[in-house]
Amino acid sequence: MESSSERRPSWTFLTNHARVLVAISRDPGIRLRDVAVTCGLTERTVQAIVADLETDGYLTRSRDGRRNRYEIAEGATFRHPAEAGHEIAGLLSLLAEDTSPLRR
């Protein structure tokens, strides 16, 4: 019989977009393949999410040698009306402590 700690949750509190943004906020020079591993997503999904976040002004990407470096937009606010007016910086600050398996 499978224990509750071995079962995969059917839902989570954070969206994949939030998880990707948190991973990038912890390490602005992170490779997207490492974001994918940290978030449990495919690299293609992470690329699409980063494109969404860039398009909507949540982050910008610049080249740093052969790698990308990401910068999260200051003052960016949540999109949903229920959180309207609240900056994402508060969430990112709350989740700033890195607990990912790649960083232990």
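What you see is a predicted model, and the numbers here were worked out from it, not measured in a lab.
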Do V50 and V35 come within less than 4.5 Å of each other through their side chains, counting heavy atoms only? no
Side chain to side chain contact (heavy atoms under 4.5 Å, CB included) partners of T15, counting only residues at least two apart: H17, A18
What residue pairs, at least two apart or across chains, pass ring-ring contact (aromatic ring centres under 6.0 Å, His included) with a residue in residues 53-88? none
For residues G57 and A73, report the shortest heavy-atom separation together with the two atoms involved. O-CB, 3.1 Å
Under a 3.5 Å cutoff, is there a donor and acceptor pairing between the side chains of T38 and R26? no
Tell me, which pairs form a salt bridge (charged side-chain N to carboxylate O under 4.0 Å, His left out) where one or both residues lie in residues 72-90, sequence neighbours left out? D56-R79
Suppose the criterion is salt bridge (charged side-chain N to carboxylate O under 4.0 Å, His left out): which pairs have a residue in residues 45-54, not counting sequence neighbours? E54-R61
Do R19 and L41 have side chains that approach each other closer than 4.5 Å (heavy atoms only, starting at C-beta)? no
Side chain to side chain contact (heavy atoms under 4.5 Å, CB included) filter on E71, not counting sequence neighbours, yields T60
Does R63 have any side chain to side chain donor-acceptor pair (under 3.5 Å) partners at least two apart in sequence or in another chain, and if so, which? N68
Residues two or more places apart in sequence or in another chain: which of them pass side chain to side chain contact (heavy atoms under 4.5 Å, CB included) with S93? none
With a 4.5 Å heavy-atom cut-off, do L92 and V22 have their side chains touching? yes
Set of side chain to side chain contact (heavy atoms under 4.5 Å, CB included) partners for D64, sequence neighbours left out: R69
Looking at every non-hydrogen atom in both residues, tell me the closest pair between D34 and I30 and how far apart they are. CB-CG1, 3.8 Å
Separation between CD1 of I88 and CG of L21, rounded to the nearest 0.5 Å: 4.5 Å
Cut-off 3.5 Å, no hydrogens considered: what does the side-chain donor-acceptor table look like for residues 42-49, sequence neighbours left out?
unit_1, atom_1, unit_2, atom_2, d
T42, OG1, T45, N, 3.0
T42, OG1, T45, OG1, 2.8

